[in-house]
Amino acid sequence: MTVLTRVSYLPKVYGTLCLALGEGYGAGFADSGRQPFSHAQTRQLDMATNVAQDRLGELCVREGLITQEQLQKGLAEARSSNTRLGIVLVKLGFVEEDELTRALARQYRVPAVDLEKVQVDPRILKLVSGDVAFKHLVLPLRRMGRTLTVAMANPSDLGAIDDLKFITRYEIEPVVVGEYTLRKHLDKYYDTADDRMADILSDFIDDADVEYVEDHEEEVSVAALQEQIDAAPVVKFINGLLTDAVLKGASDIHIEPYEKEVRVRYRIDGALQEVMKPPMKMKAALTSRLKILADLNIAERRVPQDGRIKLRMRKRVVDFRVSTLPVIFGEKIVLRILDKGNLTFDLEKFGFEPKAERDFMDAIMKPYGMVLVTGPTGSGKTTTLYSALSKVNTEEVNIMTAEDPVEYNLHGINQVLVRSEIGMSFAAALRAFLRQDPNIIMVGEVRDLETGGISIKAALTGHLVLSTLHTNDAPSTITRMIDMGLEPFNVAAALNLITAQRLVRRICNRCKAETTYPEEYLRAASIPADYVQSTTFYKGKGCDECNGSGYRGRQGLYEVMAMNSTLRKMIMKEAGTDELRDQAVADGMLTLRTDGLKKVERGITTLEEVVKETAVT
């Protein structure tokens, strides 16, 4: 529970407040009522709240509610617990909450309200969503014309008043109430929904095992916001959802609003699976809760936003990259799960074939040159690069990376976050790196001619450069680089190796069984007849361990193209993709399809997975 630490004197321009709030409310308010603030008064209020600071303690001493000694104890406790002074004084028993509320009412020159004597109309409650109410500690009480009366623990919070004006489109008339009482009534009014999904998900983990971790550079105001929203009814649901996804090994969570339902799906082993449909009444609360945790603007629903959540779960820290996208029935939210606990940097366990593994290891152990990893989004390129860096990360070398975003923090490596909106592009980062005495440079992606040109220059001047590119296979990467405007002789001289990769699902070992395929399917997939005759195919039947999918875990397919003198000469002559591929295969390269068929032959994955992820070459 958070507490007031700062109270401002309001200007005397408001005078005596004498208009009644209306029928049914007179008994609930300690003061007789007040008029809504005019625009001129609001401007004066803005100036006054900027001048006054932390007068609550002085007020309580002046009113004879506490002694100076009690004030010092309360201030010390408030600082140590990072809570507000008012609630600390009540908690320590130095002052009764109703006495403090009356004193604050006199201080602010606004009415104090007794919520026990007020019954709020459900239609009024709908004007302010639960997440906003808990965020700002406000409770809407009554609407008269274009004025909305709102109970607040801190009526001088101009940010909260501005937010409420924007969200409700009403003029806001604040009245003061004790924070403890306000929180109790917020729970009463906003926690009456039948949160069945929250009850189900709460079984997965105890709330005490979940903690949201704040970055060190985060402002105190954000930390206070996190503390305030922890009381929201949707907390159990979100804690259970995030924890369940991590425990099930999901890589992404999709929360999708539709006209009459909300759908939640996990991406597990590369495939999306629907896991639940929360009640429609939870839609706004779910979205806002996640946006608040990711430090996004909950009032902005018209443009995409990106943020990050860090969660400590049973001594295990997991990062979630949060992306929101406005759709016609709300905002779709996708959370990318970055679980370092499940990350393996052991290249020997990736599933490289023997020659491909030797070629890759030789390339990253060279003192200079360029190594490129290609493939679509989600194919494991970053993991491969991180694994390569972990192999060469020693005290003797200076490793620098430019990433967008930085997915995992690696000890001993200088990682830079690329932020194009402020001029920190990949090219700008690379230019700075070259003045930092680097040995090894990793560039998150070669997106343009400038980045590619600086990367090749670095590779040709004694640096090992690792990067990624979005191409379908290894040979087409060379054509893509030349099409970007890079000189063929520079590409030929700089490149050490190109790896194309895909991820396929592994067959569940518990329900693995032999299977056969129709001839029509094998012909359509261009599977050689001699391969079919010599291979036993397997498929998972589906069991509890794999949730009926027949798959558990993922396996990489790799096409590793090592440069040699023949290929370099062909690149300088600007040979086509097919010619380069034929020569690389003649030199011993396995294509993605060939590597996949070897995994099928060993019973690691299914033929469907290989056909889906690779093309005939």
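Excluded from the calculations below are hydrogen atoms, water molecules and symmetry mates; all remaining heavy atoms, backbone and side chain alike, are included.
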Between G444 and S467, which heavy-atom pair has the shortest distance, and what is it? C-OG, 4.3 Å

Apply the test salt bridge (Lys or Arg N to Asp or Glu O under 4.0 Å) to residues R552 and D269: give CA-CA distance (whole Å), side-chain angles for both, the deciding distance (0.1 Å), then the verdict. CA-CA 7 Å; R552 187 169 176 82; D269 297 333; over 6 Å; no

Between CG of L286 and NZ of K283, what distance do you get to the nearest 0.5 Å? 10.5 Å

Crowded around K569 NZ? As in, over 12 foreign heavy atoms under 6.0 Å? no

Partners of F360 by ring-ring contact (aromatic ring centres under 6.0 Å, His included), sequence neighbours excluded? F352

Partner of L293 under side-chain contact (heavy atoms from CB on, under 4.5 Å), chosen from L311, I238, V322: I238

Can you list every salt bridge (Lys or Arg N to Asp or Glu O under 4.0 Å) pair that touches residues 513-527, not counting sequence neighbours? E519-R523

For T394, the side-chain contact (heavy atoms from CB on, under 4.5 Å) test, sequence neighbours excluded, returns E396, V397

Are side-chain N/O atoms of N393 and S390 paired as donor and acceptor at under 3.5 Å? no

N398: partners by side-chain contact (heavy atoms from CB on, under 4.5 Å), with sequence neighbours left out: M400, N414, P438, N439

Between side-chain atoms of residues 572-580 and protein atoms elsewhere (two or more places apart, or another chain), which donor-acceptor pairs fall under 3.5 Å?
{"from": "T577", "atom 1": "OG1", "to": "T479", "atom 2": "OG1", "distance (Å)": "2.8"}
{"from": "D578", "atom 1": "OD1", "to": "R581", "atom 2": "NH1", "distance (Å)": "3.0"}
{"from": "E579", "atom 1": "OE2", "to": "G576", "atom 2": "N", "distance (Å)": "3.3"}

Counting heavy atoms not belonging to K612, are there more than 12 under 6.0 Å from its NZ? yes

Donor on one side chain, acceptor on other, E403 and Q415, under 3.5 Å: yes

What's the spacing between K310 NZ and F320 CZ if we round to 0.5 Å? 12.5 Å

Once you round to the nearest 0.5 Å, how far does CZ of R263 lie from CG of L272? 8.0 Å

Sequence neighbours excluded - salt bridge (Lys or Arg N to Asp or Glu O under 4.0 Å) pairs with any residue from residues 322-336: D252-R336, E256-K332, K291-E331

Could you go through R302 and E300, starting from their C-alpha distance and side-chain angles, then the distance that decides it, and tell me whether this counts as salt bridge (Lys or Arg N to Asp or Glu O under 4.0 Å)? CA-CA 6 Å; R302 301 163 297 176; E300 181 56 76; 2.9 Å; yes

Stepwise, does the side chain to side chain contact (heavy atoms under 4.5 Å, CB included) test hold for S476 with T471? CA-CA 7 Å; S476 64; T471 56; 3.8 Å; yes

Rounded distance [0.5 Å steps], CZ in R506 versus CD in Q555: 5.0 Å

Could you pull out every donor-acceptor pair under 3.5 Å between side chains of residues 487-500 and any protein atom, sequence neighbours left out?
{"from": "N496", "atom 1": "ND2", "to": "Y368", "atom 2": "O", "distance (Å)": "2.9"}

With sequence neighbours excluded, tell me which residues meet side-chain contact (heavy atoms from CB on, under 4.5 Å) with L434. I441, I454, A458, H463

Check the pair K277 / E261 against salt bridge (Lys or Arg N to Asp or Glu O under 4.0 Å), numbers first and verdict last. CA-CA 7 Å; K277 291 182 179 178; E261 66 180 20; 3.1 Å; yes

For D362, the side-chain contact (heavy atoms from CB on, under 4.5 Å) test, sequence neighbours excluded, returns none

Does this structure show an ion pair linking E353 with K599, if we count only N-O contacts that are shorter than 4.0 Å? yes

Residues 445-458 vs salt bridge (Lys or Arg N to Asp or Glu O under 4.0 Å), sequence neighbours excluded, gives D404-R447, R431-E450, E445-R447

Test log, rule side chain to side chain contact (heavy atoms under 4.5 Å, CB included), inputs V373 and Q501: CA-CA 8 Å; V373 180; Q501 66 181 67; 3.4 Å; yes

Sequence neighbours excluded, every pair satisfying ring-ring contact (aromatic ring centres under 6.0 Å, His included) that has a member inside residues 523-552: Y517-F537

How long is the gap from CG on L597 to CD1 on I527, to the nearest 0.5 Å? 5.0 Å

Give a yes-or-no answer on whether the side chains of T591 and T594 include a donor-acceptor pair shorter than 3.5 Å. yes

Strictly by salt bridge (Lys or Arg N to Asp or Glu O under 4.0 Å), give each pair with a member in residues 492-505 just once, sequence neighbours left out. R505-E609

Enclosure of R602 CZ (heavy-atom neighbours >12, cutoff 6.0 Å): yes

Side-chain contact, heavy-atom cut-off 4.5 Å: Y558 with L590? no

Quick one: does any side-chain atom of S549 pair with a main-chain N or O of C546 as donor and acceptor, under 3.5 Å? yes

Mind checking the CG-OG1 spacing from L469 to T451? Nearest 0.5 Å is all I need. 11.0 Å

